[in-house]
Amino acid sequence: MALNLERLLIFYGAYHHNSINVAIHMLCVPLILFTGFALAANTGTLIPLPNVLTIPHLDLNLGTLAAFTWGSLYVLLEPVAGTILALICLGAAAVSNTFLSQNPTLTNQVAIGVHVVCWLLQFLGHGAFERRAPALLDNLVQAIFLAPLFVWLELLFKFGYRRELQSRVEKAVQAELAKLRKDNANGAAKNGKAQ
């Protein structure tokens, strides 16, 4: 996976141009990520550190390590927005770790429920509103790692962040969608002639 933010945003945008589906993703993607951190934290500490090096509520379990990994990727792709999102990820991991230490059964039940419901809502969004299979069916790794950054940038774009990037991406997405519609029309015409 090449770390070209603009190209990756265009790929993602071609799958997420319906406003209802975008809204579903803006709500569900962070919840999937954060509940994923919570569920992954059930491993317990994988890398024990001396107390002096341990950050409160961020013991190195799988959830915390995932938050560091996702956050690092986001910083590489977009240093300003990525750094803020990396801190949000670490904060979510810390909250998850705290909840898990206080009430593991309830934390896991809520995390599983929210996780499953959010995945179902996203598939519904693609089927009912986007009328296109989700991006994860074309590139699972890219979709899982990058969707949180993309919805974060969608939110920041609404507040005027990096307007020039947003404009270039929107134009390229529209061109990609026009190409997709043309390919679909050509495919339908060929199928109609074959009958």
Discussion item. Under a 3.5 Å distance rule, please check whether Ser167 uses its side chain to pair with a backbone N or O of Arg163 as donor and acceptor.
Written reply: no

Item to complete: Scan residues 74-83 for pairs that pass salt bridge (charged side-chain N to carboxylate O under 4.0 Å, His left out), counting only residues two or more places apart or in two chains.
Response: Glu78-Arg162

Discussion item. Please report the interatomic distance OG1(Thr64) to CG(Leu90), rounded to the nearest 0.5 Å.
Written reply: 8.0 Å

Practice prompt. Give a yes or no answer on whether the side chain of Tyr74 reaches the backbone of Phe145 with a donor-acceptor pair at less than 3.5 Å.
Written response: yes

Which donor-acceptor pairs under 3.5 Å do the side chains of residues 51-58 make with protein atoms, sequence neighbours left out?
residue	atom	partner	partner atom	Å
Thr54	OG1	Pro50	O	3.1
His57	ND1	Thr98	OG1	2.9

Practice prompt. Under the ring pair (Phe, Tyr, Trp, His ring centres under 6.0 Å) rule, collect the residues that match up with Phe99, sequence neighbours excluded.
Written response: none

Discussion item. If hydrophobic clusters are built from ILVMFWY residues whose side chains come within less than 4.5 Å, do Leu156 and Val22 share one?
Written reply: yes

Worksheet entry | Sole residue of His25, Gln122, His17 in side chain to side chain donor-acceptor pair (under 3.5 Å) with Glu130 | His17

Discussion item. According to salt bridge (charged side-chain N to carboxylate O under 4.0 Å, His left out), does anything in residues 101-123 pair up with another residue at least two apart or in another chain? List the pairs.
Written reply: none

Worksheet entry | Test side chain to side chain donor-acceptor pair (under 3.5 Å) applied to Glu170 and Gln166, Gln174, Arg168, the passing residue | Gln166

Discussion item. Let me confirm one number: the CG-CG distance from Leu149 to Leu8, rounded to the nearest 0.5 Å.
Written reply: 9.0 Å

Practice prompt. Kindly state each residue pair satisfying salt bridge (charged side-chain N to carboxylate O under 4.0 Å, His left out) with at least one member in residues 143-152, sequence neighbours excluded.
Written response: none

Worksheet entry | Same cluster (ILVMFWY, side-chain, under 4.5 Å), Ile84 and Phe150 | yes

Worksheet item: In terms of hydrophobic clusters joined by side-chain contacts under 4.5 Å, are Leu60 and Trp70 together?
Response: no

Worksheet item: Can you check whether Asn61 reaches Leu100 side chain to side chain, under 4.5 Å on heavy atoms?
Response: no

Check: residues 29-40 side-chain donor-acceptor pairs under 3.5 Å, at least two apart:
residue	atom	partner	partner atom	Å
Thr35	OG1	Leu31	O	2.7
Thr35	OG1	Ile32	O	3.2
Thr35	OG1	His115	ND1	2.7

Item to complete: Examine Val116 and Leu27 and state if one hydrophobic cluster contains both, with Ile, Leu, Val, Met, Phe, Trp and Tyr joined whenever side-chain heavy atoms are less than 4.5 Å apart.
Response: no

Discussion item. Quick check for you: to the nearest 0.5 Å, what is the distance between Asn103 atom CG and Gln109 atom CD?
Written reply: 8.5 Å

